[in-house]
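Keep in mind the model is a prediction, meaning the values are calculated, not measured. Just so you know, these numbers use all the heavy atoms, side chains as well, and skip hydrogens, waters and symmetry mates. All chains are named by letter (A, B, ...) in the order of the sequence lines, taking the proteins before the strands, and each is independently numbered beginning at 1.
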Amino acid sequence: MVRVRFAPSPTGYLHLGNARTALFNYIFAKHNNGKLVLRIEDTDRERSKKEYEDMLIDDLKWLGVEWDEGVDKGGEFAPYRQSERTEIYKEYIEKLKQSGHIYKCYCTPEELEEERKKALAEKRPPRYSGKCRNLTEEERKKLEAEGRSYVWRFRVPDGETIIFEDLIKGIVEINVNEFGDFVIVRSDGSPVYNFVVVIDDALMKITHVIRGEDHLSNTPKQILIYRALNFEVPKFAHLPIILGEDKSKLSKRHGAVSVRAFRDEGYLSEAMFNGLALLGWHPKEDNEVLSKEEIIKEFKIEDIHNAPAVFDRAKLRWLNSVYIREKLDLDDLTKRAIPFFKKFGYFGDYEYYKKVLDVIRDSLEVLNDIKDRAYPFFIEDYSIEEGLEFIQSETGKEVIKRFYEKIKDRENIDRNDFKKITKEIQKELKVKGKNLFMPIRVALTGKTSGVDLSLLVEVIGKEKTLKRLERILNIV
RNA sequence: GCCCCCGUCGUCUAGCCAGGCCUAGGACACCGGCCUUUCACGCCGGCGACACGGGUUCGAAUCCCGUCGGGGGCACCA
């Protein structure tokens with residue numbers, strides 16, 4: 001049984017990079033009929049906040065990532081919040097003490113900093129010297145008498161090369177001398193990430209650890225801990241990270257990078273899911289617009305491209321537009337779009353929103369585009385922003401007048417009526433093309449571009465159309 | 001500085017492991033055309049890459065070595 005986990009630390013909104021990690025874990029789990037565990041890594045009390053946890057969960061659900069066990073739903077291996085697992089960690093720290101894998105280190109941060117600088121100056125890798133590694137009982141007593149606090153360090157076997165097979169990177173070899181004896185328990189008694197992550201993954205029977213490439217160099221430390229505790233070492237897969245336009249790790253500097261921000265801008269979760277999956281992974285067929293189910297079906301973790309990927313906003317926008325105009329049915333789209341209409345102060349009933357969307361959906365990339373594309377359906381006191389000359393010219397005015405006269409006494413006006421009427425005006429006044437339509441367009445919308453006029457008129461109806469024309473006729 | 005990972009169009013990538021089918025395929029973006037009252041959509045076309053240098057080989061994007069470049073990591077953060 002495949003078991004994977006997504007283990008974010010609740011320090012802010014769900015970041016795109018984390019979202020993608022969660023996504024790949026989910027896809028991998030589902031592809032293999034396995035389980036996904038949501039664990040919260042809140043051992044860093046400084047930065048972790050409970051409300052972030054709820055946001056994280058909310059964003060994950062919105063994205064379409066579903067887990068089988070976790071903080072909010074419990075499970076066989078609860079608790080799933082690290083801050084609630086301290087007793088468990090103590091137990092395993094105790095084991096490491098018994099087996100002699102860890103030892104007390106009394107060095108102060110200042111001393112360590114000193115060593116570090118010295119090492120750097122001598123161009124040696126800045127790692128712990130192992131000074132307290134073989135302290136005698138007496139020396140220890142003495143240091144403790146001085147009132148020194150201590151941390152527990154892991155006794156790293158000198159010179160060993162840790163070799164593991166990464167599902168994405170292939171064989172990775174790292175010599176442990178790179179890092180030296182590392183801290184397992186802080187001076188305040190709290191265990192450190194590299195330790196708890198191993199305990200949790202092992203106890204939760206995680207079979208595949210799929211995470212960001214930034215964890216690659218931590219992996220040997222963790223393997224050492226697995227071995228020391230006689231735990232089975234899981235398989236690892238390190239995802240290449242996501243880069244910003246400038247090719248550095250995607251961060252807040254690159255603008256909106258939380259999935260929340262994309263959601264607020266009017267990206268659809270399906271497009272987000274699809275787009276994130278396409279960062280580093282590619283379907284065998286060339287069709288890139290794929291549903292969650294299709295992605296899950298086709299996904300192979302070995303197929304993940306192993307070079308870091310620059311996040312492509314333009315492509316995500318395009319993908320989103322495909323979902324808006326082709327993938328969602330009108331009712332579904334309407335439901336999702338309503339909050340956006342309201343946000344922009346465009347009020348109407350469900351049916352009206354639906355009609356508007358039917359005619360503008362082809363021009364939307366994100367739901368926020370509703371602001372610009374839908375205003376002619378809602379705003380009556382618009383100003384003439386461009387094309388003033390079309391309504392000021394003699395023929396322009398005449399076109400508008402005739403148009404007004406011809407619809408004044410009608411019951412209503414639909415798209416076909418509009419075409420008939422403009423055809424009549426064309427014959428009567430001998431104007432066509434731009435000179436025929438622009439005056440009407442500018443009069444009705446205040447702009448020289450936008451929706452098809454026959455559709456606009458049909459949707460807003462006769463009354464509004466007349467009112468708008470009257471207003472313009474009075475101005476010019 | 002040291003270690004690790006990586007290097008195909010501007011971007012995401014296919015191809016690389018099992019060398020010839022690659023005058024390197026697709027998608028986004030961009031440019032041009034068509035459709036059209038405008039915008040958008042759609043359709044057609046164009047531009048555009050194997051980082052560089054050595055090998056190995058009849059033949060290399062594919063294998064080997066080096067260089068350069070990019071990224072990540074080197075915490076009592078996760």
**Asked** Hey, does Asn218(A) reach any base, or is it just sugar-phosphate, or nothing, if we go heavy atoms under 4.0 Å?
**Response** base

**Message:** Using a 5.5 Å cut-off between ring centres and planes within 30 degrees, is Trp318(A) stacked on the base of C28(B)?
**Reply:** no

**Whole-Å P distance, C28(B) and C74(B)** = 39 Å

**Message:** Any base atoms under 4.0 Å from Asp452(A), or only sugar-phosphate, or nothing? Heavy atoms, all strands.
**Reply:** base

**Item:** Student check: side-chain heavy atoms of Val399(A) and Phe437(A) closer than 4.5 Å
**Value:** no

**Prompt:** Between Met438(A) and Gln82(A), who's closer to the 5' end of RNA chain B by nearest nucleotide?
**Reply:** Met438(A)

**Request:** Classify every nucleotide of nucleotides 4-14 of chain B by which part a protein heavy atom approaches to under 4.0 Å, writing B for the base, S for the sugar-phosphate alone and - for neither, in 5'-to-3' order.
**Result:** SSSS---BBSS

**Request:** Figure out the CG/C1' separation between Leu290(A) and G26(B), and round it to whole Å.
**Result:** 13 Å

**Request:** Considering only atom C1', compute the distance from G26(B) to U37(B) and round it to an integer number of Å.
**Result:** 36 Å

**Item:** Salt-bridge criterion met for Lys221(A) and Glu178(A) (N-O under 4.0 Å)
**Value:** no

**Euclidean distance, atom CG of residue Asp246(A) to atom P of G70(B) [Å, nearest integer]** = 12 Å

**Asked** Got a donor-acceptor contact below 3.5 angstrom from the Arg361(A) side chain to the Ile324(A) backbone?
**Response** yes

**Prompt:** In the strands shown, is C47(B) matched to any nucleotide by a Watson-Crick or G-U wobble pair with both distances under 3.5 Å, and which?
**Reply:** none

**Message:** Is the ring pair Phe299(A)/Trp281(A) parallel, tilted or perpendicular, if the boundaries are 30 and 60 degrees?
**Reply:** tilted

**Request:** Could you walk me through whether Glu394(A) and Lys397(A) pass the side-chain contact (heavy atoms from CB on, under 4.5 Å) test, one step at a time?
**Result:** CA-CA 5 Å; Glu394(A) 284 313 309; Lys397(A) 273 187 252 181; 3.7 Å; yes

**Request:** State whether Tyr128(A) and Arg153(A) meet the cation-pi test: NZ (Lys) or CZ (Arg) under 6.0 Å from the six-membered ring centroid, and within 45° of the perpendicular axis.
**Result:** yes

**Interatomic distance at C1', A27(B) relative to C47(B), whole Å** = 16 Å

**Prompt:** Under a 4.5 Å cut-off applied to non-hydrogen side-chain atoms, are Arg5(A) and Val197(A) in contact?
**Reply:** yes

**Request:** Check each of Val65(A), Val259(A), Ile57(A), Val257(A) against Leu14(A) using the side chain to side chain contact (heavy atoms under 4.5 Å, CB included) test, and report the only one that passes.
**Result:** Val259(A)

**Message:** Output the rounded distance in Å from OH (Tyr267(A)) to C1' (C28(B)).
**Reply:** 13 Å

**Asked** So what does Arg373(A) touch, heavy atoms closer than 4.0 Å: a base, only the sugar-phosphate, or nothing?
**Response** base

**Prompt:** Say you pick atom P in C22(B) and the same atom in G66(B); how far apart are they, in whole Å?
**Reply:** 32 Å

**Prompt:** Using purine N1 to pyrimidine N3 plus N6-O4 or O6-N4 for Watson-Crick, or N1-O2 and O6-N3 for G-U wobble, each under 3.5 Å, what pairs with G7(B)?
**Reply:** C68(B)

**Item:** Nucleotide of A40(B), C76(B), G73(B) approaching Ser363(A) most closely (side-chain heavy atoms)
**Value:** A40(B)

**Message:** Under 4.0 Å, heavy atoms only, any strand: does Leu319(A) hit a base, just the sugar-phosphate, or nothing?
**Reply:** nothing

**Asked** Which whole number of Å gives the distance between the C1' atom of C44(B) and that of C17(B)?
**Response** 39 Å

**Request:** Provide, to the nearest angstrom, the distance between the CD atom belonging to Glu365(A) and the P atom belonging to C39(B).
**Result:** 16 Å

**Asked** Quick one: do Arg415(A) and Asp452(A) make a salt bridge, cutoff under 4.0 Å?
**Response** no

**Request:** For Pro109(A), answer base if it contacts any base atom (sugar-phosphate contacts may also be present), sugar-phosphate if it contacts only those atoms, and nothing otherwise; contact means non-hydrogen atoms under 4.0 Å.
**Result:** base

**Request:** Provide, to the nearest angstrom, the distance between the CG atom belonging to Asp181(A) and the P atom belonging to A75(B).
**Result:** 13 Å

**Prompt:** Using the C1' atom in both, what is the distance from U8(B) to G69(B), to the nearest Å?
**Reply:** 15 Å

**Asked** Taking a pair as Watson-Crick or G-U wobble with both distances under 3.5 Å, which nucleotide is matched to A18(B)?
**Response** none

**Prompt:** Does Lys434(A) make a cation-pi contact with Phe390(A), if we ask for NZ or CZ under 6.0 Å from the ring centre and within 45° of the axis?
**Reply:** no

**Request:** Would you classify Tyr193(A) as touching base, sugar-phosphate or nothing, given that sugar-phosphate means primed atoms plus P, OP1 and OP2, and contacts are heavy atoms under 4.0 Å?
**Result:** base

**Item:** Complement of C74(B), any strand, by Watson-Crick or G-U distances under 3.5 angstrom
**Value:** G1(B)

**Item:** Euclidean distance for P, G53(B) against C6(B) (whole angstrom)
**Value:** 23 Å

**Rounded distance in Å - CZ (Phe154(A)) to P (A75(B))** = 17 Å

**Message:** Distance check needed: U38(B) P versus Glu386(A) CD, whole Å only.
**Reply:** 15 Å

**Message:** G73(B), OP1 or OP2 - any side-chain N/O from Lys249(A) closer than 4.0 Å?
**Reply:** yes

**Asked** If we take the C1' atom in both C41(B) and G48(B), what is their distance in whole Å?
**Response** 26 Å

**Asked** What is the nucleic acid contact for His238(A), judged by heavy atoms within less than 4.0 Å: base, sugar-phosphate only, or nothing?
**Response** nothing

**Request:** Assign each of Lys434(A) and Lys221(A) to its nearest nucleotide of RNA chain B by heavy atoms, then name whichever residue's nucleotide is nearer the 5' end.
**Result:** Lys434(A)

**Fill in**
Between CZ of Arg317(A) and C1' of C41(B) the distance, given in whole Å, is 16 Å

**Request:** Report the nucleotide, chosen from C28(B), C39(B), G71(B), that has the shortest atom-to-atom distance to any side-chain atom of Ala314(A).
**Result:** C28(B)

**Request:** Please check the phosphate of G42(B) (OP1 and OP2 only) for any side-chain N or O of Arg325(A) closer than 4.0 Å.
**Result:** yes

